[in-house]
Protein chains: 2
Amino acid sequence: MGKRPAGGRRAHILAAAAELFAEHGYRGVTIDDLGRAVGTTGPAVYRHFAGKEALLGQVLVDISVRLSEQGEELLARAEDPDHALDLLLRGHIAFSLDEPALITVHDRELGNLTPQDRARVRRLQRGYVEQWVGVLADLRPEEPRNALRASVHAVFGLLNSTPHSRGTVRRDAMARLLFAMGRSALTAGREAPGQNDT
Amino acid sequence: MGKRPAGGRRAHILAAAAELFAEHGYRGVTIDDLGRAVGTTGPAVYRHFAGKEALLGQVLVDISVRLSEQGEELLARAEDPDHALDLLLRGHIAFSLDEPALITVHDRELGNLTPQDRARVRRLQRGYVEQWVGVLADLRPEEPRNALRASVHAVFGLLNSTPHSRGTVRRDAMARLLFAMGRSALTAGREAPGQNDT
DNA sequence: GAGGGGTGTTAACCGTCACTAACATCGGTG
DNA sequence: CACCGATGTTAGTGACGGTTAACACCCCTC
């Protein structure tokens, strides 16, 4: 068959896996599906990954790393808590609009990981959430920390809803909509500086 | 073994199935798991349901019916759009706090249904969404309908996030938090559509 | 108290699927 | 050109799991 000199075989498999896992679920995708998706056969996948679990692990770890690193970079560049929140919102929205498959897999397949991978992904996720909680704590010091954490999870649910309303609204309009809703939800019950209120 | 003339065997299986499907996913639950969860063995389940798919179908149809009927009842009793939105929010929040397993299964397992069941559940879901969209359209007539639909999906994501932050916040506090966030998200941008872009 | 419907049990069947074995090909390198 | 490591192919193999078969029991009714 056409030999690909591309060193990107591994990355290609990872991308296809994310897409297929998002659509059919980890359990609903076979190794043969995976191979077929990248133009080879099932067993060829084992030349690049130890097995199906390792593959899912890599997908989830990559996502978690990307999100938490992006969060760190954004926070480093933020001038104040209000600005930081804006950046986090925009960053997360861009990610969920550009990579709906990754977002879907990210919060559905945690249970199918090995204990080691699960622990690692959980740690990264927790770190990312705490970045948001830290910013919110600056903005709303009167609020207990666990309430802030619940708020962050809720806003993630909101921002990650894009796979459910695919294709009906243009990307930039969707980004604006999610930003306005997310920002408003997180500042509910208090005044948002520079923003108009109800 | 203890023969209960209770006609509740079927309902018992449905409840256990919802719980197990929520925790492990449809594909991650075996018929034997199901039987064991209700104190019998796997094959006994076939006395009550035609098969695993039929079982999942019943679970999802029940949820969709409950939500859309609840929505209709609330709308019938609402005095004005603003009140209607309050009622819908409170109703959905109560459901998602009281039945986290059902909420989880509801938006994860659609893909595992038979085409017939899937069509039926989709129709019910669409109806429920349109109840919300109708109310929002009264409140924000200037907004295009597809943007309102996207907003509704986003708020569902927010309200359905409770399974992700289980047990950290007391139920009534969580209900208030979700109500404030959801209400605020849905009325966001009511008078300021001009926002900067990504 | 005989019969029957409803419900449960254990054993078997059979397809699917992750994974392995054994063998081919090819490009680069000495 | 011979070797070799990387990568691919086709044929198993063994476990798992949904479903069915065959049989047992209990309660209800005539």
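Note on naming: letters A, B, ... go to the chains in the order of the sequence lines (proteins, then strands), and numbering restarts at 1 for each one.
In the region residues 44-57 of chain B, proximity to DNA chain D at under 4.0 angstrom, judged on heavy atoms, holds for Y46(B), R47(B), G51(B), K52(B). Residues from residues 36-43 of chain B placing a heavy atom under 4.0 Å of any atom in DNA chain C, listed by number, are T40(B), T41(B), P43(B).
Between the C1' atom of dT7(D) and the NE2 atom of H12(A) lies a distance of 16 Å, rounded to the nearest Å. Rounded to a whole Å, the CZ atom of R9(B) is 22 Å from the P atom of dG5(C). Atom pair R27(B):CZ and dG17(D):C1' shows a separation of 12 Å (rounding to whole Å applied). Protein atom NE2 of H24(B) is 16 Å distant from nucleotide atom C1' of dG17(D), rounded to whole Å. Atom P of nucleotide dC16(D) and atom CG of D32(B) are separated by 12 Å, given to the nearest angstrom. I31(A) has its CD1 atom 15 Å from the C1' atom of dG8(D), to the nearest Å.
Between D117(A) and R120(A) there is no salt bridge, since none of the side-chain N atoms of the basic residue sits less than 4.0 Å from a carboxylate O of the acidic one. Ion pairing of R27(A) with E109(A) is absent here, as no side-chain N (NZ or NE/NH1/NH2) approaches a carboxylate O to less than 4.0 Å.
Relative to the six-membered ring of F95(A), R66(A) misses at least one condition, a distance below 6.0 Å or an angle of at most 45° to the axis.
Considering all non-hydrogen atoms of both residues, A16(B) and L34(B) come closest at C-CD1, 4.4 Å.
Contact annotation: the side chain of I13(B) approaches that of L55(B) to within less than 4.5 Å [non-hydrogen atoms, C-beta and beyond].
When only modelled atom types and interatomic distance are considered, N160(A) and H92(A) share a side-chain donor-acceptor pair under 3.5 Å.
Ring-plane geometry between F156(A) and W132(A) is classed as perpendicular, the angle between the planes exceeding 60 degrees on a 0 to 90 degree scale with a lower cut at 30.
Put simply, OG on S184(B) and CE on M181(A) are 9.0 Å apart, with the number rounded to the nearest 0.5 Å.
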